[in-house]
Each structure stands twice: as structure tokens, then as C-alpha cells.
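Okay, so here's the structure we're looking at.
No hydrogens, no waters, no symmetry mates; every other heavy atom, side chains included, goes into these values. Quick caveat, the model's predicted, so the values are computed rather than measured.
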Amino acid sequence: MIVISRTVSIPDEEVVMTAIRAQGAGGQHVNKASTAVHLRFDIRASSLPEYYKERLLEARHHLISDDGVIIIKAQEYRSQEMNREAAIARLVSMIQELTAVQKSRKATRPTRASKERRLTSKSQKSSVKALRGKVRHD
């Protein structure tokens, strides 16, 4: 059971993980062992609430395919178990990030003091710039 929040969780059966060979440095170990993990999670076929499904499918994220499948490849670690945990952690953080509700902004008005500070600084800058001109001898 993968826990997303207090009320939302994903059963292990809905996440498909396959071991593949990792890329990069690592010597003979990389050529022999399948330590990287390929995680696939089908959003449409999952037991997530409808709100979560809608938010995830609407998101334009590079890890979500056009078919609505999240594909994560984890190969940071040399052990398959650590890569498996890293892939699950990335899935959970991605779902939490894309389904977070944004606070609506409350419009505020500037205070009288802030308006006065702005105007005084504006007039000071104006007077400094006026003094930068050429000196005239009349």
C-alpha cells in the first residue's frame, strides 16, 4: 500500500515495477545486474479519487504519457531495492505536487503610508536627476 495522504492510498497491485539494466558507470556490475527500476502507473485504471485523476490527466508533465500512464525510471542507486523505494517516492511526490490546491490570492490595496513613501522617493529621484543636467551660467 502506497500512502499519498491521510485519506488517499494506492494498492501495490496498481503499480507495475520491472527491473532493467542501468546505464552509466559501474563496471561489470552494470552489465550483469538489473538494478534500475521502471515504474508504470495507469492513472485511468487506478483507484484514485476522480479529483486526483482529473488533475493528473490535465497536467502537462513530461513523465505522464498521452495514454495517462506515469512512467518513472529510477537508477540512482546500485541496489534494486533502493531504486524501487526512490521510484515510489518520486511517484508519491509527483501526485502530491500535481494535486495540491493552490490558495486563491486576495487582492489588497496599498496603505496610505506606502503611497506617501513611494511619492517622496519618486520626487527625490526626480530632483537628483534634474541636478544632473548641464550647468548654465546666466
Side-chain angles (χ1 to χ4, degrees):
M1 188 69 79
I2 301 169
V3 178
I4 306 296
S5 68
R6 281 186 278 141
T7 57
V8 179
S9 59
I10 301 171
D12 293 331
E13 300 84 46
E14 293 182 4
V15 178
V16 178
M17 284 193 252
T18 54
I20 56 174
R21 290 202 182 125
Q23 300 170 329
Q28 190 63 27
H29 181 70
V30 172
N31 299 333
K32 289 168 41 177
S34 298
T35 56
V37 174
H38 216 240
L39 181 142
R40 296 177 68 82
F41 177 69
D42 190 358
I43 298 168
R44 290 189 175 96
S46 69
S47 63
L48 287 173
E50 285 301 315
Y51 168 75
Y52 276 64
K53 288 182 184 180
E54 289 172 10
R55 292 291 299 255
L56 289 171
L57 292 171
E58 286 172 5
R60 294 277 115 220
H61 199 277
H62 69 280
L63 294 178
I64 301 175
S65 68
D66 294 335
D67 304 331
V69 178
I70 298 174
I71 302 169
I72 296 174
K73 182 179 180 184
Q75 60 180 8
E76 299 94 53
Y77 303 103
R78 285 186 169 215
S79 76
Q80 189 181 77
E81 188 57 38
M82 289 180 72
N83 282 330
R84 188 180 305 266
E85 291 172 10
I88 290 171
R90 282 171 48 192
L91 174 70
V92 169
S93 67
M94 185 176 125
I95 291 173
Q96 288 173 344
E97 178 185 313
L98 293 177
T99 57
V101 179
Q102 297 291 323
K103 277 183 154 180
S104 60
R105 183 187 177 279
K106 292 181 183 176
T108 58
R109 288 178 21 197
T111 62
R112 184 185 298 164
S114 69
K115 286 181 186 177
E116 289 173 3
R117 282 193 301 269
R118 182 179 63 84
L119 291 175
T120 55
S121 72
K122 194 172 179 180
S123 64
Q124 284 175 350
K125 281 186 176 41
S126 171
S127 64
V128 166
K129 288 184 178 187
L131 292 174
R132 287 186 190 154
K134 289 187 176 182
V135 179
R136 290 189 198 172
H137 299 290
D138 290 329

ask   = Are Ile2 and Tyr51 connected, step by step, through hydrophobic side chains (Ile, Leu, Val, Met, Phe, Trp, Tyr) whose heavy atoms are closer than 4.5 Å?
value = yes
task = Consider only side-chain heavy atoms of I, L, V, M, F, W and Y, link residues closer than 4.5 Å, and tell whether Val92 and Leu39 are in one cluster.
result = yes
key: NZ-CZ distance between Lys115 and Arg112, expressed to the nearest 0.5 angstrom   = 8.5 Å
request  = Tell me whether Leu91 is reachable from Leu57 by hopping between hydrophobic residues (I, L, V, M, F, W, Y) whose side-chain heavy atoms are closer than 4.5 Å.
outcome  = yes
note = On a heavy-atom basis, the closest approach of Ser121 and Arg118 is OG-O, 3.0 Å
request  = Mind checking the CE-CD1 spacing from Met94 to Ile70? Nearest 0.5 Å is all I need.
outcome  = 3.5 Å
query = Where the side chain of Asn83 meets the backbone of Val37, is there a donor-acceptor pair that is under 3.5 Å apart?
reply = no
task = Please report the closest heavy-atom contact between Leu56 and Ile64, naming both atoms and the distance.
result = O-CD1, 3.4 Å
inquiry  = For the CE atom of Met1 and the OG atom of Ser9, what is their distance to the nearest 0.5 Å?
reply    = 4.5 Å
task = Measure the shortest side-chain to side-chain distance between Arg40 and Thr18 over non-hydrogen atoms and say whether it is less than 4.5 angstrom.
result = no
key: ILVMFWY network linking Val128 to Leu119, side-chain heavy atoms under 4.5 angstrom   = no
Pairwise side-chain contact, Ile10 with Ser46, heavy-atom cut-off 4.5 Å (strictly under) = no
query = Does Arg55 use its side chain to pair, donor to acceptor, with the backbone of Ala100 at less than 3.5 Å?
reply = yes
key: Nearest atoms (heavy-atom pairs only) where Arg44 meets Lys53   = O-NZ, 3.4 Å
Flag side-chain contact, heavy atom, 4.5 Å: Ile4 against Gln96 = yes
message = For the CG atom of Asp42 and the CD1 atom of Ile71, what is their distance to the nearest 0.5 Å?
response = 10.0 Å
ask   = Considering all heavy atoms of both residues, which atom of Ser34 and which atom of Ala19 are nearest to each other, and what is their separation?
value = O-CB, 3.7 Å
For Tyr77 against Met82, the heavy-atom pair lying closest together = CD2-CE, 3.6 Å
Sidechain-backbone polar pair: Thr120 side chain, Glu116 backbone, donor-acceptor under 3.5 Å = yes
key: ILVMFWY cluster, Val101 and Ile95 together (side-chain gap under 4.5 Å)   = yes
query = Where do Ala86 and Glu76 come nearest, in terms of heavy atoms and distance?
reply = CB-OE1, 3.5 Å
ask   = When rounded to the nearest 0.5 angstrom, what is the spacing between OG in Ser47 and CD in Glu13?
value = 9.0 Å
query = Between atom CG of Leu48 and atom CD1 of Ile43, what is the distance when rounded to the nearest 0.5 Å?
reply = 8.0 Å
inquiry  = Between Arg90 (side chain only) and Lys73 (backbone N and O only), is there a donor and an acceptor less than 3.5 Å apart?
reply    = yes
